[in-house]
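Below: the structure, in structure tokens.
Whatever order the structure lists ligands and atoms in, that order sets their numbers, starting from 1.
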Amino acid sequence: MSTKRTKGVTIVYPIVYGNVATLLPQKKVPDSDHTHKWTVSVKGINGQEIGHFVKKVTFKLHETYSNPQRIVEHPPFEITETGWGEFELSIKLQFIEGSEKPVTLYHNLRLHSYEDDGSISTSSKNKPVQSFQYDELVFTDPPETLYQILTMHPIPTLPSKPSPNSLYSLQAEQDELRKIEEAYRKVQEQMTIYKNKNDKITKELEEVKAELERTKK
Ligand code: SLL
């Protein structure tokens with residue numbers, strides 16, 4: 001696998017990570033103090049799986065869990081567990097290209113809804129709780145293989161602000177604009193790559209010329 005880096009290119013991949021939690025029916029778990037079932041996950045912003053460029057995700061749970069270090073090597077990158085308490089966990093992403101360093105995210109696992117004063121809300125106790133965060137994975141000068149895999153798939157983007165008179169035609173126009181912007185971005189990337197290559201070749205040529213000059217003398 002190529003570990004050569006793609007100079008002058010930055011790819012931003014938006015992600016969402018966090019957890020959902022539901023209250024367990026009391027009778028389901030006799031002899032246990034577990035009150036909730038939860039799932040913690042990391043995905044693309046529209047729920048897309050990110051397995052095409054993520055090799056492995058390590059979820060580090062609270063030490064009260066047996067085997068707190070949970071490794072997931074295939075999508076969906078998520079862990080479902082039951083428990084009684086909230087805690088901070090870490091989510092380490094390792095990428096398909098070995099030379100790209102891992103990214104660690106932190107998430108406060110949430111089991112409860114809270115009132116404004118910080119007390120646990122009793123009225124919404126039976127409603128599922130969701131706690132997700134948006135983040136961006138930024139790859140600067142990504143290794144070539146990673147660059148190729150990332151650009152082979154469409155990179156999800158956030159929808160632009162809904163317009164007050166969003167007629168269908170306006171939507172179509174925006175979609176078109178987005179496509180043009182995407183194409184423009186790709187062309188810019190390619191241009192940067194070619195410029196870097198060109199600079200390198202020019203420099204090498206100059207070195208050869210200088211060498212030739214020296215040998216002539
Ligand atoms: C708290 N600081 O006291 C937190 C720790 C830990 C939650 C919460 C373990 C489940 C099990 C579990 O739910 N730990 O026993 O397997 O609230």
ask   = Is the closest side-chain donor-acceptor distance between S121 and S113 under 3.5 Å?
value = no

query = Who passes side-chain hydrogen bond (donor to acceptor under 3.5 Å, both in side chains) against T64, sequence neighbours left out?
reply = H62

Atoms of ligand 1, numbered as shown, that sit under 4.0 Å from any heavy atom of G83 = 13 (O)

task = Please work out which of E86, E63, H34 has its closest non-hydrogen atom nearest to atom 8 (C) of ligand 1.
result = E86

message = In this structure, is the centre-to-centre distance between the rings of F139 and Y147 below 6.0 Å?
response = no

ask   = Going by the side chain to side chain donor-acceptor pair (under 3.5 Å) test, which pairs reach into residues 207-217, not counting sequence neighbours?
value = E211-R214

query = atom 6 (C) of ligand 1: which protein heavy atom is closest, and how many Å away?
reply = H62 ND1, 3.4 Å

key: Protein heavy atom at shortest distance from atom 14 (N) of ligand 1   = T64 OG1, 2.9 Å

message = Do the side chains of D199 and K195 get close enough for a salt bridge, i.e. N-O under 4.0 angstrom?
response = yes

message = Against ligand 1, does E81 come closer than 4.0 Å with any heavy atom?
response = no

query = Taking only heavy atoms of G85, which atoms of ligand 1 are found under 4.0 Å from at least one of them?
reply = 7 (C), 8 (C), 13 (O)

inquiry  = For F59 and F77, I'd like to know if the aromatic rings sit close, meaning centre-to-centre distance below 6.0 Å.
reply    = no

remark   = for atom 13 (O) of ligand 1, nearest protein heavy atom and its distance come out as W84 N, 2.9 Å

